[in-house]
Structures are given as structure tokens and as C-alpha cells.
Amino acid sequence: MEDDLKTPIIPSNANNNANKPMYSKKALIRDDNYSKAEKAILAIVLNDEDKYTLDAVRNKITEFKEGI
């Protein structure tokens, strides 16, 4: 059990993102897979100059909704 305390905790979103496609804020807001409400959230929480994986986008939407 003490060995468990020495095991580093790796965030679930720390998977190898190098192989996952990344999208700009502009592309994500245009995507028809998101509702108008989700697109409004993305417009608020995403940075214009950054790129995001779809997992990261789902997490951002969830985090925003949980904060309401």
C-alpha cells in the first residue's frame, strides 16, 4: 500500500495528444456537431490562438457547465 503513494498520478487528459487531431477555436465554433449553447460556451472558454483536441473541448464544456 505504501508503494501506491509513490506512484505518480498522471492526469487522464495527459494521454499522448501528439497523435490526436487538434482544431482551432474558429473551426470548433463552426462545427455542426455542437449545439448553439455549446458553441457559445466555446466562444467564451477557448483562446483564439490555441488549438484543442476534441477531448479537451469536451472537458472545457463540462467544466463550464459544472460552474453554472
Side-chain angles (χ1 to χ4, degrees):
M1 186 117 53
E2 289 179 17
D3 290 336
D4 291 342
L5 298 175
K6 295 178 184 176
T7 304
I9 299 172
I10 301 171
S12 61
N13 63 352
N15 296 337
N16 187 2
N17 286 334
N19 296 330
K20 294 183 180 181
M22 300 190 71
Y23 303 92
S24 68
K25 174 180 178 178
K26 191 174 184 178
L28 291 163
I29 291 174
R30 289 186 194 170
D31 191 341
D32 290 334
N33 290 318
Y34 297 106
S35 68
K36 287 183 180 182
E38 290 171 329
K39 289 178 182 184
I41 292 169
L42 295 177
I44 295 168
V45 300
L46 300 182
N47 294 320
D48 291 336
E49 58 278 344
D50 293 336
K51 299 215 182 226
Y52 303 89
T53 65
L54 295 179
D55 289 338
V57 171
R58 270 193 298 275
N59 289 338
K60 294 270 190 189
I61 292 170
T62 301
E63 288 173 6
F64 185 87
K65 287 181 177 179
E66 288 174 354
I68 293 178

Side chains of Leu46 and Lys51: does their closest heavy-atom pair fall under 4.5 Å? no
Under 3.5 Å, side chain of Asp31 to main-chain N/O of Asn33, donor-acceptor pair present? yes
If I compare all heavy atoms of Lys65 with all of Glu38, which pair ends up nearest, and what's the gap? NZ-OE2, 3.9 Å
Heavy-atom closest contact (Asp55 atom, Lys20 atom, distance): OD2-NZ, 2.7 Å
Short side-chain to backbone donor-acceptor contact, Lys26 and Asp48, under 3.5 Å: no
What's the separation between atom CD1 in Ile41 and atom CD in Glu63, rounded to the nearest 0.5 Å? 11.5 Å
Could you state the interatomic distance from OG1 (Thr53) to CG (Asn19), rounded to the nearest 0.5 Å? 12.0 Å
Where is the tightest heavy-atom contact between Tyr34 and Leu28, given as atom of each residue plus distance? CD1-O, 3.5 Å
By the definition side chain to side chain contact (heavy atoms under 4.5 Å, CB included), identify the one residue from Lys60, Arg58, Met22 that meets it with Tyr52. Lys60
Using the side-chain contact (heavy atoms from CB on, under 4.5 Å) rule, take Ile61 and Val45 through it: C-alpha gap first, then chi angles, then the decisive distance, then the call. CA-CA 8 Å; Ile61 292 170; Val45 300; 6.0 Å; no
